[in-house]
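See below for the structure under consideration.
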Amino acid sequence: MTAGPGGGRFAPSPTGPLHLGSLLAATASWLDARRLGMPWRVRFDDLDAPRNMPGAERSILLALERHALHWDGPVERQSERLDDYRHALAMLDARGELFYCRCTRSELKGFRVYPGTCRDQREPRPDRAARIRVDDAAVEFDDLIQGPQRQSLADAPGDFVVRRRDGIIAYHLATAVDDGAPGIARVIRGRDLLPATGPQLFLMQRLGLNPPVYGHLPLIRSQNGQKLSKQNLAPALDNTRAAENLARVLTLLGLDPGPHAEQREPADLLAEAVPRFSPATVSKHDGFVTISRHDPGTHRRA
């Protein structure tokens with residue numbers, strides 16, 4: 001399949017290797033796109049250069065290939081789309097929707113939402129964070145997995161940052177521009193990103209972009225209850241056990257891969273799962289796994 005309009009995407013940050021939680025998101029997104037006959041793209045969210053790890057891109061792409069999660073079209077990088085983000089910033093600024101905030105993190109510590117300290121600072125300053133006014137905006141959408149959602153932006157996160165003080169384009173703006181592009185129709189990602197959907201949809205609306213359909217997956221947690229993440233030192237995927245890894249995430253998605261799945265080819269496991277996958281049947285509850293660098297572990301539902 002060649003890359004065309006209206007597809008799905010997997011957008012890891014190149015800050016470390018893939019782990020089981022990121023494999024769950026990649027697999028669900030890939031299955032969803034393939035089930036609908038859509039292309040599936042890979043995009044590296046690499047704007048925060050100081051956090052990027054040398055070799056991480058190559059490691060992530062290798063892991064996807066070993067798990068038969070093949071993508072369509074060229075690999076994309078947010079660092080190659082800076083002009084698009086700057087254009088979006090200029091549009092918002094021209095409409096008077098931005099202000100320039102001098103507040104430091106220590107000054108904002110203890111505030112649940114931004115207190116509006118610099119709302120009258122309309123003069124652009126490169127050494128200040130650019131924030132967008134949300135006023136009383138509320139966003140509603142139907143999530144494929146979590147159901148109907150309503151997020152009041154005044155309650156969280158308040159006036160949020162779209163360009164950081166160090167000049168780096170903020171996550172919400174870059175993701176809104178990318179996911180609001182014609183090439184993206186479906187975004188399947190982890191439930192930890194559900195709070196980000198409201199701000200991103202708000203930006204898409206302000207920029208005249210077409211929003212994708214969202215589905216937010218349950219998280220995978222270790223036996224101590226922590227979400228599997230790079231920050232929590234989740235072990236990297238063992239690519240030599242790709243079929244076993246896929247069997248675990250397919251089971252967490254409600255797709256029993258059958259007996260001796262770990263002895264099968266990853267591509268065969270995925271091919272059988274495509275027609276059986278549906279976001280509507282994915283559990284809303286987090287999955288718990290026993291994580292060990294040497295033991296493939298077991299899983300259970302919360």
Side-chain angles (χ1 to χ4, degrees), residues 9-13 25 29 43 45-48 51 78 81-82 84-101 103 105 108-109 111-119 121-122 128-181 184-217 219 227 229:
R9 61 54 159 187
F10 177 57
S13 297
S29 175
R43 179 184 80 225
D45 289 1
D46 62 345
L47 290 181
D48 198 350
R51 295 183 62 237
Q78 287 189 329
R81 300 200 60 195
L82 294 178
D84 294 330
Y85 309 141
R86 290 168 181 152
H87 177 67
L89 275 174
M91 286 180 60
L92 296 171
D93 186 63
R95 295 175 187 163
E97 299 188 46
L98 303 184
F99 62 94
Y100 296 86
C101 179
C103 300
R105 288 188 179 183
L108 296 176
K109 187 176 181 180
F111 289 97
R112 188 176 59 86
V113 297
Y114 180 72
T117 308
C118 299
R119 266 190 151 214
Q121 301 298 313
R122 284 280 297 117
R128 292 186 177 183
R131 290 181 180 268
I132 188 167
R133 300 170 182 267
V134 300
D135 296 322
D136 59 353
V139 175
E140 297 183 357
F141 61 98
D142 288 325
D143 189 274
L144 293 168
I145 299 168
Q146 304 297 329
Q149 303 290 315
R150 186 181 191 277
Q151 296 180 6
S152 171
L153 301 191
D155 295 332
D159 299 333
F160 58 91
V161 173
V162 289
R163 192 203 68 210
R164 295 175 5 183
R165 294 180 69 185
D166 58 7
I168 293 176
I169 302 297
Y171 167 72
H172 286 322
L173 180 65
T175 302
V177 170
D178 290 342
D179 288 348
I184 303 299
R186 312 271 289 191
V187 171
I188 307 295
R189 58 187 183 182
R191 185 172 53 78
D192 55 327
L193 291 172
L194 185 58
T197 307
Q200 289 165 14
L201 284 171
F202 174 74
L203 285 170
M204 290 179 201
Q205 180 186 50
R206 305 310 301 159
L207 293 166
L209 304 175
N210 293 318
V213 176
Y214 289 92
H216 287 87
L217 297 159
L219 305 179
K227 181 192 81 168
S229 67

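The side-chain hydrogen bond (donor to acceptor under 3.5 Å, both in side chains) check on D142 picks up nothing, with sequence neighbours excluded. For A11, the side-chain contact (heavy atoms from CB on, under 4.5 Å) partners at least two apart in sequence or on another chain are R9, R43, D45. Scored by the side-chain contact (heavy atoms from CB on, under 4.5 Å) test, R165 finds T104, A129 as partners (sequence neighbours excluded). Applying the ring-ring contact (aromatic ring centres under 6.0 Å, His included) criterion to F160, with sequence neighbours excluded, gives H172. Every residue two or more places apart in sequence or in another chain that forms a salt bridge (charged side-chain N to carboxylate O under 4.0 Å, His left out) with D84 is listed here: R81. Here Y114 pairs with F99 under the ring-ring contact (aromatic ring centres under 6.0 Å, His included) rule; sequence neighbours left out. Taking the side-chain hydrogen bond (donor to acceptor under 3.5 Å, both in side chains) definition, one finds that D166 meets it with R164, sequence neighbours left out. Shown here are the side-chain hydrogen bond (donor to acceptor under 3.5 Å, both in side chains) partners of S152, two or more places apart in sequence or in another chain: D155. Residues meeting the side-chain hydrogen bond (donor to acceptor under 3.5 Å, both in side chains) test with R150, sequence neighbours left out: E140. R133 meets the salt bridge (charged side-chain N to carboxylate O under 4.0 Å, His left out) test with no other residue; sequence neighbours excluded.
Contact record, R131 with L108: NH2-CD1, 3.3 Å, taken as the closest heavy-atom pair. A pairwise comparison of heavy atoms in D178 and Q78 identifies OD2-NE2, 2.9 Å as the closest pair.
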Review point. Going through the distances and angles, do Y100 and D93 end up as a side-chain contact (heavy atoms from CB on, under 4.5 Å)?
Key: CA-CA 10 Å; Y100 296 86; D93 186 63; 2.9 Å; yes
Exercise for review: Kindly determine whether D179 and Q200 satisfy side-chain hydrogen bond (donor to acceptor under 3.5 Å, both in side chains), including the steps that lead there.
Suggested key: CA-CA 9 Å; D179 288 348; Q200 289 165 14; over 6 Å; no
Check your understanding: What's the verdict on side-chain contact (heavy atoms from CB on, under 4.5 Å) for R128 and C101, showing C-alpha distance, side-chain angles and the deciding distance?
Key -> CA-CA 5 Å; R128 292 186 177 183; C101 179; 5.7 Å; no
Practice item. Report the C-alpha separation of D48 and Y171 in whole Å, then their side-chain angles, then the decisive distance to 0.1 Å, and conclude whether the side-chain hydrogen bond (donor to acceptor under 3.5 Å, both in side chains) test is met. Key: CA-CA 9 Å; D48 198 350; Y171 167 72; over 6 Å; no
**Study point:** Worked verdict on L203 versus L173 for side-chain contact (heavy atoms from CB on, under 4.5 Å)
**Key:** CA-CA 7 Å; L203 285 170; L173 180 65; 4.3 Å; yes
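Using a 4.5 Å heavy-atom threshold, the side chains of V213 and V187 count as separate. Residues F141 and V139 are in side-chain contact: their nearest non-hydrogen atoms beyond the backbone lie under 4.5 Å apart. No side-chain heavy atom of I132 sits less than 4.5 Å from a side-chain heavy atom of V161. Considering only heavy atoms from C-beta on, P212 comes within 4.5 Å of M204 through its side chain. Here the side chains of L144 and R186 are in contact, with some heavy-atom distance below 4.5 Å. Two residues are said to be in side-chain contact when any heavy atoms from C-beta on lie closer than 4.5 Å; I188 and L217 meet this criterion. Two residues are said to be in side-chain contact when any heavy atoms from C-beta on lie closer than 4.5 Å; R163 and L98 fail this criterion. Residues L82 and L47 meet the side-chain proximity criterion, which asks for heavy atoms closer than 4.5 Å.
In terms of modelled atom types and a separation under 3.5 Å, the side chain of Q151 and the main chain of A196 share no donor-acceptor contact.
Among residues at least two apart or in separate chains, side chain to side chain donor-acceptor pair (under 3.5 Å) pairs with a member in residues 205-216 are E97-R206, D143-H216, R189-H216, T197-H216. Applying the salt bridge (Lys or Arg N to Asp or Glu O under 4.0 Å) test to residues at least two apart or on different chains, none of the pairs has a partner in residues 193-204.
Within a 6.0 Å radius of CG in D135, more than 12 heavy atoms belonging to other residues, nucleotides or ligands are found. The environment of R105 atom CZ is sparse: at most 12 non-hydrogen atoms of other residues, nucleotides or ligands sit within 6.0 angstrom.
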